[in-house]
Novice: 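I'd like to ask some things about the structure below.
Labels below follow one simple rule: chain letters A, B, ... track the order of the sequence lines, proteins then strands, and each chain is numbered from 1.
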Amino acid sequence: MTDLTSLTLAQARDALRTKEFSAAELTEAHLGAMAKARALNAFVLETPERALQMAKASDARLAKGDAGPLEGLPLGIKDLFCTAGVRTTACSHILDNFVPPYESTVTANLWRDGAVLLGKLNNDEFAMGSSNETSYFGPVISPWRRHGSNAKLVPGGSSGGAAAAVAANLCLGATGTDTGGSIRQPAAFCGVVGLKPTYGRCSRWGIVAFASSLDQAGPFARTVRDCAILLRSMASPDAKDTTCIDLPVPDYEKAIGASVKGMRIGIPKEYRMPGMAAEIEALWQRGAQWLKEAGAEPIDISLPMTKYALPAYYIVAPAEASSNLARYDGVRYGLRVGGRDVVAMYENTRAAGFGKEVRRRIMIGTYVLSAGYYDAYYLRAQKVRTLIKRDFEECFAKGINAILTPATPSAAFALGEKGGADPIEMYLNDVFTVTVNMAGLPGIAVPAGLDAQGLPLGLQLIGRPFEEETLFALGHIIEQAAGQFRPRPWWN
Amino acid sequence: MSVDAETVRRVAHLARIAIAEEEVENLRGELNAILAFVEQLSEVKVEGVEPMTSVTPMAMKMREDEVTEGGDPDAIIANAPAHAHHFFLVPKVVE
């Protein structure tokens, strides 16, 4: 029998229906791969008993012929999604004993459709980071290594566990969340596909909140088709999230192989950053050429507000985070550290429970929202955000169907290499992805090549609101042209 | 704009995060690095621009004002660090 963990999600789905193997066998194969890959630290909690129980229930439904769209398919879930009865921590000490009594809407949709929970995936604490180094459970080690080197590399972040687990064949797909690039950047670093849907496409209910006007859940998988299959299940209208849109969910898989002939692809000159590696520039041009060969038309465009997206983000996101994270006070759930009075208890709890990066962002957010500074920082940033969105709207109004950019300014870096002295150095990782969150648009990262050191590089496609299908169609063209990239399994 | 040590202490207290005196200088440097980075926004002309309030244009959903769930105090207090008789326990607030 072929190695069940190297199948794509679509292949496994089809094989389960033709009874080539059982859901229990498929889940066991993945649990075995997870046990051998603990050096990667991709999972912060494995749920083997629940997984086998769910797989057996799937086998029963498959036998009866009433299989759901994801029946028997084992997935990993970022530890930001609340899972009923299964510890959910956001990889923070302040929540490290939290067991939610409820299920997030996105994960509930996945279980409704028959998917199997393998465990909870590592991430940067409260999704604040671009390397997965801020997790209370320690960093994730990328399954990728540079040619001739054993140096440990970061998988990107904040959904680093999801990207690493999918790249290392520990699960067929995974959920992530993306506030400034937290799906697309790790997907690019690990050579897998990651999609951030349009703001409002997936419900945020039951996902630990970071910055509510930017957060959006999305899928990771090894192919564009697999991401399309997962998004169809993850997305839904939801009365429990007032920002979740009441639009029917299309069958995204139908977009795979759809013609892109005549589509106008914007190439924004502002994404040509000074000092950007020549191989990233070359990859970008190659991507435009592939789309052209498929009948699309690359067109030079300008998004003049691009350089202001990251600074505006570092006002809006910390401001919302400082408000959202006010709930961790040691009273209703999570860690409590005592003090001489209730205020000291709050202060001691939050000092002990939050890591360095989270404390820093809460403090920045508190400062920019404080009396006398609100207009200068927060209000100005929200006006800049309007202008960033306007840039995109003007391009789309001129007939641009999608925009092609590099996903990241570099390939993956080593553990401890960035952000030690200057937090901004780490923030710059998200320079190409953060604009998309600020404008609420969908974006997909697709692997497009390897750099000279053998590390994956990705391209990003940005779409019009709620036109994820265009991204799947175009992403599939890039995937077909570039091929797929898998790490050598040194951890086995 | 840049922050001084006193502002760092004030912001930490507003955020209800205890900080040790030896952390103040380091935090001051980090916060100032971030504030210097976001300073570029002051060069953007924003006169007459509406601040963004909703990234996706949509009307607020309305529903009947009625109880949709509840009546499960055990689930509510299940994760509480300290509780008694279905109440959360906190240090004494009123003398």
Novice: Is there a side chain to side chain contact (heavy atoms under 4.5 Å, CB included) between Ile34(B) and Arg361(A)? Walk through the geometry before answering.
Specialist: CA-CA 10 Å; Ile34(B) 298 170; Arg361(A) 293 204 199 184; over 6 Å; no
Novice: Heavy-atom distance under 4.5 Å to chain B: side chain of Tyr313(A), backbone, both or neither?
Specialist: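 Nothing of Tyr313(A), per the 4.5 Å heavy-atom cut-off to chain B.
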Novice: What pair of heavy atoms forms the shortest contact from Arg385(A) to Met52(B), and how long is it?
Specialist: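 Minimum heavy-atom contact is NE-SD, 3.3 Å.
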Novice: Please classify the contact between Pro465(A) and chain B as side chain, backbone, both or neither, with a heavy-atom cut-off of under 4.5 Å.
Specialist: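 Neither the backbone nor the side chain of Pro465(A) comes within 4.5 Å of chain B.
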Novice: Should Lys61(B) and Asp241(A) be marked as a side chain to side chain contact (heavy atoms under 4.5 Å, CB included) after you check the CA-CA gap, both sets of side-chain angles, and the distance that decides it?
Specialist: CA-CA 9 Å; Lys61(B) 289 183 212 175; Asp241(A) 173 4; 5.8 Å; no
Novice: Specify which of Val99(A), Asn348(A), Ile362(A) makes the most heavy-atom pairs with chain B at under 4.5 Å.
Specialist: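 Of the candidates given, the most pairs with chain B belong to Val99(A).
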Novice: Taking all non-hydrogen atoms of both residues into account, name the closest pair between Gly334(A) and Pro81(B) and its distance.
Specialist: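 That closest heavy-atom pairing would be O-CG, 3.4 Å.
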Novice: Which bit of Lys307(A) is near chain B, if near means a heavy-atom gap under 4.5 Å: side chain, backbone, both or neither?
Specialist: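 Backbone plus side chain of Lys307(A), per the 4.5 Å heavy-atom cut-off to chain B.
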Novice: Locate the shortest heavy-atom distance separating Asn97(A) from Asn79(B); write the atom from each residue and the value.
Specialist: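 Minimum heavy-atom separation between Asn97(A) and Asn79(B): O-OD1, 3.6 Å.
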Novice: Heavy-atom distance under 4.5 Å to chain B: side chain of Leu441(A), backbone, both or neither?
Specialist: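 Answer is neither: Leu441(A) stays 4.5 Å or more from chain B.
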Novice: Please classify the contact of Leu379(A) with chain B as side chain, backbone, both or neither, using a heavy-atom distance under 4.5 Å.
Specialist: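 For Leu379(A), heavy atoms of backbone and side chain both lie under 4.5 Å from chain B.
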Novice: Which one wins on heavy-atom pair count under 4.5 Å against chain B: Val331(A), Val384(A), Val343(A)?
Specialist: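 Going by pairs under 4.5 Å, I would pick Val331(A).
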Novice: Quick one: of Val11(B), Leu41(B), Thr53(B), Val46(B), who has the most non-hydrogen atom pairs under 4.5 Å with chain A?
Specialist: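 Heavy-atom pair counts peak at Leu41(B).
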Novice: Report which part of His83(B) has an atom under 4.5 Å of a heavy atom belonging to chain A: side chain, backbone, both, or neither.
Specialist: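 No part of it gets close to chain A.
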Novice: Could you check whether any side-chain heavy atom of Lys45(B) comes within less than 4.5 Å of a side-chain heavy atom of Leu387(A), counting everything from C-beta outward?
Specialist: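 No; the side chains remain at least 4.5 Å from each other.
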Novice: Can you tell me which portion of Leu27(B) sits under 4.5 Å from chain A's heavy atoms? Options are side chain, backbone, both or neither.
Specialist: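 For Leu27(B), the contact with chain A is made by the side chain alone.
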Novice: Measure Tyr102(A) against the heavy atoms of chain B and call it side chain, backbone, both or neither at under 4.5 Å.
Specialist: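 No part of Tyr102(A) comes within 4.5 Å of chain B.
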Novice: Out of curiosity, Asp246(A) CG to Met58(B) CE, how far, rounded to the nearest 0.5 Å?
Specialist: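 Those atoms lie 8.0 Å apart.
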Novice: State the CE-OG1 distance between Met60(B) and Thr243(A), to the nearest 0.5 angstrom.
Specialist: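 Met60(B) atom CE to Thr243(A) atom OG1 measures 9.0 Å (nearest 0.5 Å).
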Novice: Which answer fits Phe88(B), side chain, backbone, both or neither, if we ask what part of it has an atom under 4.5 Å from a heavy atom of chain A?
Specialist: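 The side chain, not the backbone.
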Novice: Please find the pair of heavy atoms, one from Tyr308(A) and one from Glu43(B), that lie closest to each other, and give the distance.
Specialist: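 Shortest heavy-atom separation between Tyr308(A) and Glu43(B) comes out as OH-OE2, 2.6 Å.
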Novice: With a 4.5 angstrom heavy-atom cut-off, could you sort out which part of Met363(A) is near chain B: side chain, backbone, both or neither?
Specialist: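 Both parts, heavy atoms under 4.5 Å.
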Novice: Distance from Ile364(A) atom CD1 to Asn32(B) atom CG, nearest 0.5 Å?
Specialist: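 Reported to 0.5 Å precision, the distance equals 8.0 Å.
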Novice: Determine the option with the most heavy-atom pairs under 4.5 angstrom with chain A, choosing from Pro91(B), Ala20(B), Ala82(B).
Specialist: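 Top count of heavy-atom pairs under 4.5 Å with chain A: Pro91(B).
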Novice: With a 4.5 angstrom heavy-atom cut-off, could you sort out which part of Thr7(B) is near chain A: side chain, backbone, both or neither?
Specialist: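 Side chain only.
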Novice: Against chain B, label Asp329(A) side chain, backbone, both or neither, depending on which of its atoms sit under 4.5 Å from a heavy atom there.
Specialist: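 Neither part.
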Novice: Other residues, nucleotides and ligands only: do more than 12 of their heavy atoms fall within 6.0 Å of NE2 on His85(B)?
Specialist: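 Not more than 12 within 6.0 Å, no.
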Novice: Most heavy-atom pairs under 4.5 angstrom with chain B, which of Met345(A), Arg340(A), Lys389(A), Arg390(A)?
Specialist: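 Highest number of pairs under 4.5 Å: Lys389(A).
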Novice: Find the distance between CZ (Arg360(A)) and CG (Leu31(B)) and round it off to the nearest 0.5 Å.
Specialist: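 It is 8.5 Å, given to the nearest 0.5 Å.
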Novice: Sub-4.5 Å heavy-atom contacts with chain A: which residues of residues 62-70 of chain B show up?
Specialist: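 Counting heavy atoms that sit under 4.5 Å from chain A, no residue of residues 62-70 of chain B is involved.
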Novice: In Å and rounded to the nearest 0.5 Å, what is the CG to CD1 distance from Leu35(B) to Ile315(A)?
Specialist: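 Between Leu35(B) CG and Ile315(A) CD1, I get 8.0 Å after rounding to 0.5 Å.
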Novice: What part of Val93(B) is in contact with chain A, defined as an atom under 4.5 angstrom from a non-hydrogen atom: side chain, backbone, both or neither?
Specialist: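 Only the side chain of Val93(B) comes within 4.5 Å of chain A.
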Novice: Considering non-hydrogen atoms only, spot the tightest contact between Asp422(A) and Ala33(B) and give its length.
Specialist: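 In terms of heavy atoms, the two residues are closest at OD1-CB, 4.3 Å.
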Novice: Which atoms of Met438(A) come close to chain B, meaning under 4.5 Å heavy atom to heavy atom: side chain ones, backbone ones, both, or neither?
Specialist: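 Interface part for Met438(A): backbone (N, CA, C, O).
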Novice: Return the minimal non-hydrogen interatomic distance between Thr386(A) and Pro51(B), and the atom names on each side.
Specialist: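 Looking at all heavy atoms of both residues, the shortest contact is OG1-C, 3.6 Å.
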Novice: Which region of Ala381(A), side chain (C-beta onward) or backbone (N, CA, C, O), has a non-hydrogen atom less than 4.5 Å from a non-hydrogen atom of chain B, or is it both or neither?
Specialist: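 Interface part for Ala381(A): both.
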Novice: Given heavy-atom pairs under 4.5 angstrom as the criterion, report whether the side chain, backbone, both or neither of Ser213(A) touches chain B.
Specialist: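 Just its backbone gets close to chain B.
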Novice: Could you tell me which of Val55(B), Leu89(B), Ile76(B) has the largest number of non-hydrogen atom pairs under 4.5 Å with chain A?
Specialist: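 Top count of heavy-atom pairs under 4.5 Å with chain A: Val55(B).
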Novice: Let me confirm one number: the OG1-CD1 distance from Thr56(B) to Ile245(A), rounded to the nearest 0.5 Å.
Specialist: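 Spacing of OG1 (Thr56(B)) from CD1 (Ile245(A)) equals 6.0 Å.
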Novice: Which bit of Ala75(B) comes within less than 4.5 Å of chain A, counting heavy atoms only: side chain, backbone, both or neither?
Specialist: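 For Ala75(B), backbone and side chain are both near chain A.
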Novice: With side chains defined as the heavy atoms from C-beta onward, is the minimum distance between Thr366(A) and Arg10(B) less than 4.5 Å?
Specialist: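 A side-chain contact is absent here, since even the closest heavy-atom pair is not under 4.5 Å.
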Novice: Below 4.5 Å from any heavy atom of chain B, which atoms of Asp341(A) appear? Answer side chain, backbone, both or neither.
Specialist: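 For Asp341(A), backbone heavy atoms alone lie under 4.5 Å from chain B.
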